[in-house]
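I have placed the structure first, in the form of C-alpha cells, so that the comments after it can refer back to it.
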Amino acid sequence: MSASVAQTTVDSLRALPGDAVRQVLWRFSSRFDLAMLVQSVRAVARGPVARLVAQGARLTHEWTPEKNELLREFDHSGITAAYMDPEAGGYLEGPKNLALALIAFELAWVDAGAATGSLAGCLALSPIHERGTPEQRSRYMALAAPGGPDEPKRGSFALTEPIPFAGVETGLLSGKVRIAEWPDGGEPLLEVSKRGRFITNMGFANFVTAAVDSDDPRIQGSLMVILEETDPGIFDRGTPTRKLVHQLSSTSDPVFQLKVPASRIVGGYRVENGVILPRYSHGEIIEAVFRRTRVTVALMTSAKLLSAVEPLIRYHRDRFRGSGAVSPGSPRFELGLQQKEDVVHRLLDIWATGEASASLGFQAARLFDELDPIEKRKDEVLEAAGVSGSMAAFKFLKRKQGDAIAALKTGAGDPVLQYLILDAQANVHCPACKLWNTGHGANTMREAVSLMGGYGITEDCPGFLGYKWMDAQLEATYEGPEAVQRRQLTVTMTNEIFLEQFRLWIGEMRKIASRRPGAGACTLASAMELWLWTLNYLQRIKLFQGSRQAVTFPLADALCWLLASRAQILDVEELREKGPDNPGAAEGLEATVQFLTDLCHIQAARAAGEVNRVCSELVFGHRAHPSWEGAGHSCYQEEELIGIESVVPGASGFTSDFVYEDGRVPDKAGPCVDMSGLADFNRLSTKVHGCMSGFMIAKNRAAQALQKVMIPAALDYPA
Amino acid sequence: MSYQIVVCGGIAPDPLQTLEPVPGPALKNEMMLPHVFDPWAAHALYEAGHLAKLNPGAKVWVVSMAPKAKLQQVMMTVAQKLPFELVPLDGPPGGFTDSADVAEALAAAIRTIAGLDLSRLLLFGGWESATRGAGTTMQRVGALLGITEQFLAVDQLEVRDGGSLRVWERLEGGRQQVSLCSGLPAMLAWATGHLPEPPNHPPTGMANGRLLMPALQKAKPAPAGAGCTFLDVSLPKQIRQTVIVKDKPAAEIAREIVEWITQ
Ligand SMILES: Cc1cc2nc3c(=O)[nH]c(=O)nc-3n(C[C@H](O)[C@H](O)[C@H](O)COP(=O)(O)OP(=O)(O)OC[C@H]3O[C@@H](n4cnc5c(N)ncnc54)[C@H](O)[C@@H]3O)c2cc1C
C-alpha cells in the first residue's frame, strides 16, 4: 500500500455511511416511524447512557438511583412503549421485531447493558404477549405502558436457576408449583416456589414471569406463571450479581415463595378429572419468546463492531499529531498508524464482520416481522380446519412439507405454505445470528480493542471498546449460550424446506455474480455448495447425528458464516439498486457502494475460507490416516506391483504408495491419503480456492478508501 | 386566543463535522454529513411550541428551505418534539445562499399556507443562522409579508391579557431591551430563548409524520441563490483546539476559556 497522501482521481468512500444509507441497506427507508425511533433512542444512548458510562456508573454492581433514572429516559423516549401495540399504549403499528432490533442496536452502540435493561422488560412481557390469555395481555400491557399517572410496572423473566438446575438445559427445573387451596367450584390458589439465578431487572421488577414445574399430581407438567411483588409470601430480590459486564442493567438471584391465583398461569388452563392442564408448557412458551428476543441480542454485538470503526480511524490517524517532530502534511502526520498495512487491513476485517452481522441480524428481524402476521393467518386456517393442540398442528404441518417445497418454485399464496417456508428460514436465522454475531463478534471485538493499543483496555477508551469486548461475551451467553444455538441449528438446518431454499440461494448468488463478477457472490456460492455437499456426505456416512456435537456444531458455525455473508451481499445489492432513487443516500453513492462491495468481498472470502476449513476437517478428519502397515495400511507391496506390471506393463506407475520387498518405505513424508469417493469434494473445495481470486485486490482498494474517508472531528458521545 | 405561529428555520451540519469549503461554493461532502435543525431557529421553535401548548387552538407551521432529503432526516428528530405542520422548500443548504433570496422564497411559501391570516401572524425565526450568520433573513421575510413590528435577538416573550406582547431583546453587555407590542402581526427573531430542548415524544412524531412525509414528497424546488456569485471561499483563520474533558464544573471550564482568550 502506498504511504502517500496524494489525491487519486478515483472517487473513494467520502464519509462513513449515514442514516439514509443504513435505512436503505436495512430496508426501512419507507418507515418514518422507525427512522424517528432510531433518532429518539440515539439521543438517549449518546446522551444520558453515555454520560453514565463516562461517569463510571459501570464500576458498581449495585442498582443505583442514577442507573434507575435511565428507566425514566426509556419511558420518555418511547423505548418502553415501542414494544406495545397502539391499543395497549404503544405507538408503532404492526410487528415490532425490526423496531426492537433497532433499539437494541442504537443503545448497544454505546452500552449494551442499557439495551439489556430496556429489552429485559420486553422479555418479561413476551410470554404474556405471545402466549398469554386476552385478560393477561390487557392487564400486564396496560400496567407496563408508560404515560399513565403512575410509574409503569416493570417485569423480569425468570428461567435460569441456581446450579445444578436450569441453565442450558432448560428442562431441569427446581422451581415448583403446587395447589395451596382449591375451593369447591372456585379458582385454585397456587403456591409457587422459585429461586432464580442471574435474573435481569430484578433490582426493581414489579412482576416476574417464572418457569416452574408441577410438584402436585393435580397440575400437569411445567408452566410459566406471573408473580407480582404484592402477592402474599416472599418476593426477595436477592443480592446483585457480581457481574463484570452490562453494569447498566440490574441482575440478581431472587427467591420467590408466593401464593397466586391459577389465572396467573401464562396462557390459561383447563381442568380435566380434577387436574389442571396448563395450555402451554414452559418449554413451548420460551420457544416462542426466545426465537424473537435472541435477534435483538445478536444486534447488540453488531452495533459494537460498527461503533468501533470511527474511534479506531480517529485514533490511528491522530496517533502522531501534536509532536514537533512530525510536521503537518507529512504522511506520518496525516495518516498516522493508517500508514501501516496491517492496521487498516485488520480494521477492514472488523468493519466487514460488523456489516455482515448487522445485515444478518436485521434480516432475521425483518423475517419475524413478515412471519408474525402469516403465523396468525396459519393459526386461523388450522382453527378453521379443526386442528387443535400442538401435536395435531405438528402433524398437519408435517403433511404440508412437500407442498411447501413445491411452492418454493411456484410462489405460494396459501398462508400455511408461506408460513412453513418463512418459519424454516426463521428457525435457522434466529439461532444463526445469535450464535455468529455474538460469538464471532466477541472474538472480533478483541481485535478492535487490540487496534487501540493500551488505550483499548482503559476506561477512557473512546467508544468504550474494552467494555464492549467483555459485554459481547455476555451477549454470547445469556438467552441461551452458543451451545444452545448450535444445538438448535443442528435440527433446523437439516429441515428440507430450509435446504431447498438454501439451494435456491446458491443460484441467487450465482446470478448476482454473473452481473457483478469478482465481488464475493461467486465465492460465497461455491462455499455454499461445498457446505451442502459436506452436510449430505456426513449424513450419508451417519456422522451427522445430534450426539456428535463435534460434527454438527462446526457445520452449524460454518453455515452462519455463509448466511451472514449472503445477507451482507443482498443488502449492498439493495443499496446499489435503490440508492440512486433515494436522494438522502444518493450523494457519493457510487463510492459508498464500491466500498461496501469490497467489504462483502472481504467477508465472503473469509467465510469461504472458514467453510473450507471446517468442511475439510470434518470430511478428512474422520478418515483414518493411511499408514505403511497395520490398520491404516493402504499401500501396495513391491511384489504386488511387479505382478500388476506383468499383466499391464506401465500400470504400476498409476498406483500410489508402495512398500519395498525388504520392508523399506519410500523416503518421503508418509503414505498418501485415500481420496476415493471425494473427487466432488476436492473439485468443490478447489473451486472455492479459485473463487478467492481478487479478494486481496478488493481489500487493498478498501484500505486506501479507509485512509481517505472523512470522519467527524470528535465522537458524538462522551468517553 | 388561537395563535398562528410560523417558524422559519433551516438546517446546519452537525457541529462535530469537519467542514471544508469547496468550489461551488459548498462544503465538502455536505450532503453526506449528518445535519441538525438550525440551533437558533430551534430555540424559536421550542418557544412556539410552548406558546401553542399554553393556548389551545394555536397552530405551528415550520417553513424550511433545505435539500429535502436532508430535511427529511432532520425532521425525524425535530418532528418528535412538538406538534407542527411542515412547509418544506427543496432548496440549497444554508451557508452560501444569499439571505435576500432565501427570504423571498420563505415569504412566498408562507403566503401559500391555506387558512393563514397574515394580519394575525406571529412570525418566528432565529436572529441569525448557524450556517450563514447574516442576521438579516427574518427581517426581510417580515418586510415582504408587511410585518413591521420586528424584534431581534429575542430572549423572552410574554403574552399579556388583551393580546399585547412584552418582548425582551438581547443587547450588548448582557443587557436587555424590553418592549411592549400592542398586537399582531409581529416578527420575533429569537436568540436563545429560555426553554430547553423538549424531549422526544414518539407519538407526536407519528402524528406529525403522517403529514410531514407527503409534504416532503411534494416539496417544490426553490431555486434560491441564483442572483449571487462567490469569487472565493476559505476557512476563517482560526485555530480549532478540541479538548475532550469529563466531570469538569462549568465554572472551571469558563475560567479556562477566559484564560485561553486572554493569553
Ligand atoms: C448478566 C446475566 C443476565 C441474565 N439474565 C437472565 C434473565 O433475565 N432470565 C433468565 O432466566 N436467565 C438469565 N441469565 C442466565 C443465562 O441465560 C444463563 O446463564 C445461560 O442460559 C447459561 O446457563 P448456565 O449459566 O447455567 O450455563 P450451563 O448450563 O452451565 O452451560 C455452561 C456451558 O456448558 C456447555 N454446555 C451446557 N450444556 C450443553 C449442551 N447440552 N451441549 C453442549 N454444550 C453444553 C456450553 O458451553 C455452555 O456455555 C442471565 C445471565 C447473565 C450472566
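For the numbers below, each heavy atom of this structure counts, side chains included, while hydrogens, waters and symmetry mates do not. Order of the sequence lines sets the chain letters (A, B, ...), proteins ahead of strands, with each chain counted from 1.
Considering only heavy atoms from C-beta on, D19(A) stays 4.5 Å or farther from M76(B) through its side chain.
Only the side chain of L92(A) comes within contact range of chain B, with at least one heavy atom under 4.5 Å from a heavy atom of that chain. Interface residue A43(A): only side-chain heavy atoms are found under 4.5 Å from chain B. Of the two parts of Q23(A), only the side chain, counted from C-beta on, holds a non-hydrogen atom closer than 4.5 Å to a non-hydrogen atom of chain B. Heavy atoms of S40(A) lying under 4.5 Å from chain B belong to its backbone as well as its side chain. Proximity to chain A (any heavy atom under 4.5 Å) is shown, for L212(B), by neither the backbone nor the side chain.
Partners of F105(A) under the ring-ring contact (aromatic ring centres under 6.0 Å, His included) rule, at least two apart in sequence or in another chain, are W26(A), W109(A), F362(A). Partners of Y83(A) according to the ring-ring contact (aromatic ring centres under 6.0 Å, His included) rule, which considers only residues two or more places apart in sequence or in another chain, are H129(A).
Within residues 584-596 of chain A, the residues that have a heavy atom under 4.5 Å from a heavy atom of chain B are G584(A), E587(A), G588(A), T592(A), listed by number.
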Discussion item. Set out, in order, the CA-CA distance, both residues' side-chain angles and the distance that settles side chain to side chain contact (heavy atoms under 4.5 Å, CB included) for M710(A) and L33(B), then state yes or no.
Written reply: CA-CA 10 Å; M710(A) 188 167 114; L33(B) 306 178; 3.2 Å; yes
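For M31(B) against P583(A), the heavy-atom pair with the smallest separation is CE-O, 4.3 Å. Scanning all heavy atoms of the two residues, the minimum distance from Q39(A) to Q80(B) falls at CB-NE2, 4.2 Å. Between P202(B) and S77(A), the shortest heavy-atom contact is CG-O, 3.2 Å. Considering all non-hydrogen atoms of both residues, I711(A) and T18(B) come closest at O-OG1, 3.4 Å. Residues L715(A) and L16(B) come closest through the heavy atom pair O-CD1, 3.6 Å.
To the nearest 0.5 Å, atoms CZ (F32(A)) and CG (L216(B)) are separated by 11.0 Å.
Of the listed residues P712(A), P17(A), G147(A), P86(A), the one with more heavy-atom pairs under 4.5 angstrom with chain B than any other is P712(A). Chosen from M32(B), M213(B), E20(B), the residue pairing most often with chain A at heavy-atom distances under 4.5 Å is M32(B).
Residue pairs satisfying the salt bridge (charged side-chain N to carboxylate O under 4.0 Å, His left out) criterion with at least one member in residues 74-86 of chain B, sequence neighbours excluded, are listed as follows: K59(B)-E85(B), K81(B)-E197(B).
Counting non-hydrogen atoms of neighbouring residues, nucleotides and ligands closer than 6.0 angstrom, the CD atom of E93(A) reaches no more than 12 such neighbours.
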